[in-house]
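Below: one structure, written as structure tokens.
Throughout, protein chains are lettered first and strands after them, A, B, ... in sequence-line order, and every chain is numbered starting at 1.
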Amino acid sequence: MLDPKRLRNDLDAVAAQLARRGYTLDAAAFTALEERRKALQVATQELQNERNTRSKSIGQAKARGEDIAPLLAEVADLGDKLKAAEADLNALQMALQDLMLSIPNCPHASTPDGGGEDDNVEVARWGEVPKFDFTPRDHVELGEMNGWMDFETAAKISGARFVVLQGPLARMQRALTQFMLDLHSSEHGYQEVYVPYLVNADSLRGTGQLPKFEADLFKTNSEAGHYLIPTAEVPVTNIARDTIADALPRRFVAHTPCFRSEAGSYGRDTRGMIRQHQFEKVEMVQLVPPADSYAALEELTGHAEAVLQRLGLAYRKVALCTGDIGFSSAKTYDLEVWLPAQNTYREISSCSNFEDFQARRMQARWRNPETGKPELLHTLNGSGLAVGRTVVAIMENYQDADGRIHVPEALRPYLGGAEML
RNA sequence: GGAGAGGUGGCUGAGCGGUUGAAAGCGCACGAUUCGAAAUCGUGUUUGGGCUUAUCCCCAACGAGGGUUCGAAUCCCUCCCUCUCCGCCA
């Protein structure tokens, strides 16, 4: 959510920033709502003030033993007027709140302009793209020929966009999550956390998935209306909801499965493990003082890059343009890993600075030692990495002519020293 | 699932329906005292919003939401959460 004060005082500038990401802010509608809100609020508060002072004097008169009947008569209709005013104000504030919750974050000045993914800007490349003296197989072929990957059985059990992994490949996926968690917690300063996979609507509102993107989520029919998490960002960032931290930064890393309905992506990446309803991810989350958040974004992105580097996977770093960043993000870097079979780079991590957008929605604050006051903090997160896609990348980059998969050096300690899967 | 207890400020913990945003203590900040410190004394110390250059002033908030009332932390209803005992369970 954007700062209401900024919207009130600097509406044109905000609208201009939002226009960069292709969002048209209905300034007239906002102004109209806001003006009515102000008038109604002042009127309501005057009525409340009158009620309070009169009630107080009734109490005082009663204490003196005076007759309070005439005083009561004076306030007879006050209650109804007040109740009506409060109801009007309440309805208006709900409408205003709905509007506020539906406005995306303003892009940071350094986020490049653009309308869609074609306008994203590559900022770095790392690693050698592997050369094969044979035609590299894609992960589906490799997985199936080795008997490690079974989409048909998954389709029977669940449906499309699921997979059953078997034996060494299932084990490698587990090894990857251990490797990533260990790296971030022991070398990058993150605290490992284990979090719920079912969350309530308040948490999803906090990070920005709700109210706009309900269609992307799986909702359960539990009484509490739980949703399956689409990313660990939701439970982990919401650790800070409604709290005042006394020391920042706080860094968390968690491994969770992620569940996405992939509504609207029919026909895209239907083959293989690239786009599934359920996948494993290791996620980093940082809560930082506002002044530090852009340095933190560079650092956090570096932590995700470190995983790719240790695994020896070639990748590029892309600054998403204003038309491609997520709803809640002010700036996002995607890391794209080289996939030989697709002959292209594919997203394997997304690292974002949300500034105070999420913090304001979830009232996540810290006590600024300079002011002594509670202030909104900044939130960031990044995949470190999407584990399922890392499995794909390793298979495709580390295959040999026989379809066997070599194990990257860094991963061997997690697989009993094995050099091959 | 059954039975019971309880949710008040950074923490502990009071609070007959009326001047209680809330006693007291702890903690914290500033000041006094001191060579310095401890102890002691004094002052201050919630958050959000409205108006405002600012001070002041006003409104709201005692788990959440409704209700009763001129007036609710206090009474009533619903829900959420925590704790204890029993049952069940990985």
Quick one: [X] [atom1] to [N] [atom2], roughly how many Å, whole number?
X	N	atom1	atom2	answer
A:Leu89	B:rA60	CG	P	12 Å
A:Glu50	B:rC57	CD	P	20 Å
A:Asp242	B:rA64	CG	P	11 Å
A:Met1	B:rG48	CE	P	13 Å
A:Asn90	B:rA60	CG	P	14 Å
A:Gln60	B:rU20	CD	P	10 Å
A:Glu86	B:rG67	CD	P	10 Å
A:Gln48	B:rG21	CD	C1'	16 Å

Partners meeting ring-ring contact (aromatic ring centres under 6.0 Å, His included) with [X] (sequence neighbours left out):
X	result
A:Phe162	A:His277
A:Tyr345	A:Trp338
A:Phe252	none

Expressed as a whole number of Å, how far does the [atom1] atom of [N] sit from that of [M]?
N	M	atom1	result
B:rU20	B:rA73	C1'	9 Å
B:rC85	B:rC77	P	28 Å
B:rA37	B:rC30	P	12 Å
B:rU40	B:rU47	P	27 Å
B:rA29	B:rU46	P	15 Å
B:rU33	B:rG42	C1'	11 Å
B:rG4	B:rA24	P	37 Å
B:rC11	B:rG63	P	13 Å

Without placing hydrogens or testing angles, list every side-chain donor-acceptor pair under 3.5 Å for residues 353-364 of chain A, not counting sequence neighbours.
{"residue": "A:Asn353", "atom": "OD1", "partner": "A:Glu355", "partner atom": "N", "Å": "2.8"}
{"residue": "A:Asn353", "atom": "ND2", "partner": "A:Ser293", "partner atom": "OG", "Å": "3.0"}
{"residue": "A:Glu355", "atom": "OE2", "partner": "A:Tyr294", "partner atom": "OH", "Å": "2.5"}
{"residue": "A:Asp356", "atom": "OD1", "partner": "A:Arg360", "partner atom": "NH1", "Å": "3.3"}
{"residue": "A:Asp356", "atom": "OD2", "partner": "A:Arg360", "partner atom": "NH2", "Å": "3.0"}
{"residue": "A:Gln358", "atom": "OE1", "partner": "A:Thr379", "partner atom": "OG1", "Å": "2.7"}
{"residue": "A:Gln358", "atom": "NE2", "partner": "A:Thr207", "partner atom": "O", "Å": "3.0"}
{"residue": "A:Gln358", "atom": "NE2", "partner": "A:Glu233", "partner atom": "OE2", "Å": "2.8"}
{"residue": "A:Arg360", "atom": "NH1", "partner": "A:Met1", "partner atom": "O", "Å": "2.7"}
{"residue": "A:Arg361", "atom": "NH1", "partner": "A:Arg205", "partner atom": "O", "Å": "2.8"}
{"residue": "A:Arg361", "atom": "NH1", "partner": "A:Leu210", "partner atom": "O", "Å": "3.1"}
{"residue": "A:Arg361", "atom": "NH2", "partner": "A:Leu101", "partner atom": "O", "Å": "2.5"}
{"residue": "A:Gln363", "atom": "NE2", "partner": "A:Arg360", "partner atom": "O", "Å": "3.4"}

Exercise for the section: Give each stem of RNA chain B as a range with a range, requiring at least 3 consecutive Watson-Crick or G-U wobble pairs whose two distances are under 3.5 Å. Expected result: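 Output for stems: B:1-7 with B:80-86, B:10-12 with B:24-26, B:27-32 with B:40-45, B:46-50 with B:57-61, B:63-67 with B:75-79.
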
Exercise for the section: For A:Arg404, look at atom CZ and say whether over 12 heavy atoms of other residues, nucleotides or ligands are found less than 6.0 Å away. Expected result: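 Atom CZ in A:Arg404 is not packed in, count stays at 12 or less.
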
Filtered N/O pairs between nucleotides 68-73 of chain B and protein, under 3.5 Å:
{"residue": "B:rC70", "atom": "O2'", "partner": "A:Ser55", "partner atom": "OG", "Å": "3.1"}
{"residue": "B:rG71", "atom": "O4'", "partner": "A:Ser55", "partner atom": "OG", "Å": "3.0"}

Practice task
Name all pairs fulfilling the side-chain hydrogen bond (donor to acceptor under 3.5 Å, both in side chains) condition that reach into residues 80-98 of chain A, sequence neighbours left out, sorted by first residue then second.
Solution key: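 For residues 80-98 of chain A: A:Gln48-A:Glu86.
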
Problem - A:Glu50 bridged to A:Arg54 by N-O distance under 4.0 Å - result: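 Counted as a salt bridge, because a side-chain N and a carboxylate O are separated by less than 4.0 Å.
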
Problem - A:Asp113 with A:Arg20: basic N within carboxylate O range, under 4.0 Å - result: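 A salt bridge links A:Asp113 with A:Arg20.
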
Exercise for the section: Could you tell me whether the phosphate oxygens of B:rC59, OP1 or OP2, come under 4.0 Å of any side-chain nitrogen or oxygen in A:Asn52? Expected result: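 Checking B:rC59 against A:Asn52, a side-chain N or O does come within under 4.0 Å of OP1 or OP2.
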
Problem - Under 3.5 Å: donor-acceptor pair, side chain of A:Asn120, backbone of A:Glu117 - result: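 Looks like yes, one N/O pair under 3.5 Å.
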
Exercise for the section: Among B:rG49, B:rC59, B:rU47, find the nucleotide with the atom closest to the side chain of A:Lys5. Expected result: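 Of the candidates, B:rG49 comes closest.
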
Practice task
Side chain of A:Asn49 only, please: which of B:rG50, B:rC59, B:rU47 is the nearest?
Solution key: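 Ranking B:rG50, B:rC59, B:rU47 by closest atom to the A:Asn49 side chain puts B:rC59 first.
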
Handout entry: Residues within residues 31-42 of chain A bordering RNA chain B, heavy-atom distance below 4.0 Å
Key =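 A:Arg37, A:Lys38, A:Gln41, A:Val42, in order of number.
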
Donor-acceptor pairs are to be reported for all side-chain atoms of residues 384-394 of chain A against protein atoms at under 3.5 Å, with residues two or more places apart or in another chain.
{"residue": "A:Arg389", "atom": "NE", "partner": "A:Ile274", "partner atom": "O", "Å": "3.0"}
{"residue": "A:Arg389", "atom": "NH1", "partner": "A:Glu347", "partner atom": "O", "Å": "2.8"}
{"residue": "A:Arg389", "atom": "NH2", "partner": "A:Ile274", "partner atom": "O", "Å": "3.0"}
{"residue": "A:Thr390", "atom": "OG1", "partner": "A:Ala386", "partner atom": "O", "Å": "2.7"}

Name each donor-acceptor pair under 3.5 Å that joins a side chain in residues 278-291 of chain A to protein atoms two or more places apart or in another chain, with its distance.
{"residue": "A:Glu280", "atom": "OE1", "partner": "A:His255", "partner atom": "NE2", "Å": "2.6"}
{"residue": "A:Lys281", "atom": "NZ", "partner": "A:Thr231", "partner atom": "OG1", "Å": "2.9"}
{"residue": "A:Lys281", "atom": "NZ", "partner": "A:Glu283", "partner atom": "OE1", "Å": "2.6"}
{"residue": "A:Gln286", "atom": "NE2", "partner": "A:Tyr190", "partner atom": "OH", "Å": "2.9"}
{"residue": "A:Gln286", "atom": "NE2", "partner": "A:Glu299", "partner atom": "OE1", "Å": "3.4"}

Exercise for the section: With sequence neighbours excluded, tell me which residues meet salt bridge (charged side-chain N to carboxylate O under 4.0 Å, His left out) with A:Asp269. Expected result: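 For A:Asp269 the salt bridge (charged side-chain N to carboxylate O under 4.0 Å, His left out) partners, ignoring immediate neighbours, are A:Arg275, A:Arg346.
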
Practice task
Output all residues satisfying salt bridge (charged side-chain N to carboxylate O under 4.0 Å, His left out) with A:Glu187, sequence neighbours left out; order by chain, then residue number.
Solution key: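 Expected list: A:Arg310.
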
